[in-house]
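Taking it in order: structure first as structure tokens, then the write-up.
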Number of protein chains: 2
Amino acid sequence: MYATRIDLYHPPRDEITLQGVLHALSDPLRLDLVRQLAECGGERACGSFDLPIAKSTATHHWRVLREAGVVKAREEGTKKYHSLRRADLDARFPGLLDSILANA
Amino acid sequence: MYATRIDLYHPPRDEITLQGVLHALSDPLRLDLVRQLAECGGERACGSFDLPIAKSTATHHWRVLREAGVVKAREEGTKKYHSLRRADLDARFPGLLDSILANA
DNA sequence: GGCGTTGTACGATGAGTACCGTACAAATGT
DNA sequence: ACATTTGTACGGTACTCATCGTACAACGCC
């Protein structure tokens, strides 16, 4: 017996913490995901990333990024799209994302 | 039989990695140390920080910061002084430290 | 209905790490 | 010479986390 899919949790802007963001981005793979997301500008399907890891591991990394408030997830059919929460991050931690991405 | 004290390793500027810095600063206690170091401007003795942890744990955190290239350590007698490697960090990751400290 | 696609939940495993207490070393002060 | 101060090395413990395989769910398509 397996549970039904749970609604995706996204922290509100005020609850995004610096610790959480730094921790989320301190993993090379996650930083790379974020870098690619920033490059493409908008939304991008999970599946369009060519990752050297198992599907379940990718799920884990996207969850860490989402729960840290770094990315926004949207489901559409069987697919899932992610985008950077740039406005929220810039409002809460001005300059942080830019400096990290510029130096990635 | 205990080993003699080893020379303190500090990574050269070029070997400081973004991952390493982000990881080092993703711990609340270490970020707080760095914030206090930045506040005081220059060097500061380890012992002058009032930490809620055991001495050996403090040694651990200072080592993580030092090996990530975030701080410089200098021994003088039985005491040890730390300072931020601000010039190195600013040169390697422009804006990063400022934006993190500004938002800490 | 049946099949492929896409991603999740779960359980397990191995690596890393935050923390502690204790024993110690090196320098300083008395 | 001895005690104090300051920080380290070590061993241990508990917790986190990155990773995987497998079983599954939701959806779309034939």
Side-chain angles (χ1 to χ4, degrees), chain A residues 1-10 17 19-34 36-37 43-68 70-83, chain B residues 1-10 17-34 36-37 43-83:
Chain A
M1 208 50 118
Y2 274 67
T4 314
R5 190 179 291 191
I6 297 295
D7 268 356
L8 298 173
Y9 175 70
H10 291 83
T17 67
Q19 299 300 335
V21 173
L22 292 180
H23 172 253
L25 299 183
S26 71
D27 180 274
L29 205 138
R30 287 195 292 262
L31 181 57
D32 196 51
L33 291 179
V34 167
Q36 290 189 49
L37 260 191
E43 268 190 340
R44 190 165 158 190
C46 281
S48 74
F49 293 85
D50 196 15
L51 301 175
I53 52 171
K55 281 193 304 173
S56 46
T57 307
T59 297
H60 160 69
H61 285 303
W62 285 118
R63 183 175 50 228
V64 172
L65 287 170
R66 176 171 47 78
E67 292 182 348
V70 176
V71 304
K72 180 170 168 298
R74 184 177 63 86
E75 290 175 322
E76 186 177 312
T78 62
K79 291 187 181 169
K80 200 165 175 183
Y81 296 87
H82 287 279
S83 54
Chain B
M1 205 56 115
Y2 275 66
T4 314
R5 190 179 290 191
I6 297 294
D7 268 358
L8 298 172
Y9 175 70
H10 291 84
T17 68
L18 181 59
Q19 299 301 335
V21 173
L22 291 181
H23 171 253
L25 299 184
S26 71
D27 180 274
L29 204 138
R30 287 194 292 262
L31 182 57
D32 196 51
L33 291 179
V34 168
Q36 291 189 51
L37 261 191
E43 270 191 338
R44 190 165 158 189
C46 280
S48 74
F49 293 84
D50 196 14
L51 300 175
I53 52 173
K55 281 192 305 173
S56 45
T57 305
T59 297
H60 160 69
H61 285 302
W62 285 117
R63 183 173 52 227
V64 172
L65 287 171
R66 175 171 48 78
E67 292 182 348
V70 177
V71 304
K72 180 169 168 299
R74 184 176 63 85
E75 291 175 320
E76 186 177 313
T78 63
K79 291 189 182 170
K80 200 165 176 182
Y81 295 87
H82 286 278
S83 53

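Here is the naming used below: chain letters follow the sequence lines, and residue numbers restart at 1 for every chain.
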Let me know the distance between CD of B:Glu67 and P of C:dG16, rounded to the nearest Å. 14 Å
For a quick test of your reading: what N or O donor-acceptor pairs under 3.5 Å do the side chains of residues 43-50 of chain B make, sequence neighbours left out?
| unit_1 | atom_1 | unit_2 | atom_2 | d |
| --- | --- | --- | --- | --- |
| B:Glu43 | OE1 | B:Arg74 | NH2 | 2.8 |
| B:Glu43 | OE2 | B:Arg74 | NE | 2.7 |
| B:Glu43 | OE2 | B:Arg74 | NH2 | 3.4 |
| B:Arg44 | NE | B:Ser48 | OG | 2.7 |
| B:Arg44 | NH1 | B:Gln36 | OE1 | 3.4 |
| B:Arg44 | NH2 | B:Ser48 | O | 3.0 |
| B:Ser48 | OG | B:Ala45 | O | 2.7 |

Let's see if you can work this out: which of D:dA9, D:dT6, C:dT8 has an atom nearest to the side-chain heavy atoms of A:Lys80? C:dT8
Return the value, rounded to whole Å, for the distance between atom CD of B:Glu75 and atom P of D:dG7. 10 Å
Side chains of B:Leu33 and B:Leu51: closer than 4.5 Å at any heavy-atom pair? yes
If you look at every heavy atom in A:Leu37 and A:Ser83, which pair is closest and at what distance? CD1-C, 3.9 Å
Report the residues that fulfil side chain to side chain donor-acceptor pair (under 3.5 Å) with A:His23, sequence neighbours left out, ordered by chain and then residue number. none
B:Arg63 CZ to C:dA18 P, straight-line distance once rounded to whole Å: 11 Å
Answer whether the closest heavy-atom distance between the side chains of A:Lys80 and A:Leu8 falls below 4.5 Å. yes
Report the distance from atom CG of A:Asp32 to atom P of D:dA18, rounded to the nearest whole Å. 15 Å
For B:Arg74 and D:dT6, give me the distance from atom CZ to atom P, rounded to whole Å. 16 Å
Exercise: identify the closest heavy-atom pair between B:Ala73 and B:His10: N-NE2, 2.8 Å
Taking the side chain of A:His61 as its heavy atoms from C-beta onward, which of D:dA9, C:dG7, D:dT19 lies nearest to it? D:dT19
Could you spell out the base pairing of DNA chain D in dot-bracket, with Watson-Crick or G-U pairs whose two distances are under 3.5 Å, [ ] crossing and | to another strand? ||||||||||||||||||||||||||||||
Kindly indicate whether the side chain of B:Ser56 and the base of D:dG7 share any N or O donor-acceptor pair separated by less than 3.5 Å? no
Expressed in angstrom and rounded to an integer, what is the separation of B:Trp62 atom CH2 from D:dT8 atom C1'? 16 Å
Mind checking what makes side chain to side chain contact (heavy atoms under 4.5 Å, CB included) contact with A:Ser56, not counting sequence neighbours? A:Ala54
Pairwise side chain to side chain donor-acceptor pair (under 3.5 Å) hits with a residue in residues 58-71 of chain B, at least two apart: B:Arg30-B:His61
Give me the distances for all protein-to-nucleotides 28-30 of chain D N/O pairs that come in under 3.5 Å?
none

Nucleic acid contacts of residues 19-31 of chain B, taken as heavy-atom distances under 4.0 Å to DNA chain D: none
Are A:His60 and C:dT8 close enough that a side-chain N or O sits under 4.0 Å from OP1 or OP2? no
Provide the closest heavy-atom pair for B:Leu65 versus B:Val34 in the form atom of the first, atom of the second, distance. CD2-CG2, 3.8 Å
For DNA chain D, what residues of residues 45-55 of chain A have any heavy atom nearer than 4.0 Å? A:Ile53, A:Ala54
Minimum heavy-atom separation for A:Leu22 and B:Leu25, please, with both atom names. CD1-O, 3.5 Å
I need the minimum non-hydrogen distance between A:Asp27 and A:Leu29, along with the two atoms involved. OD1-N, 2.9 Å
Least distance between heavy atoms, B:Val70 atom then B:Ala24 atom: CG2-CB, 4.3 Å
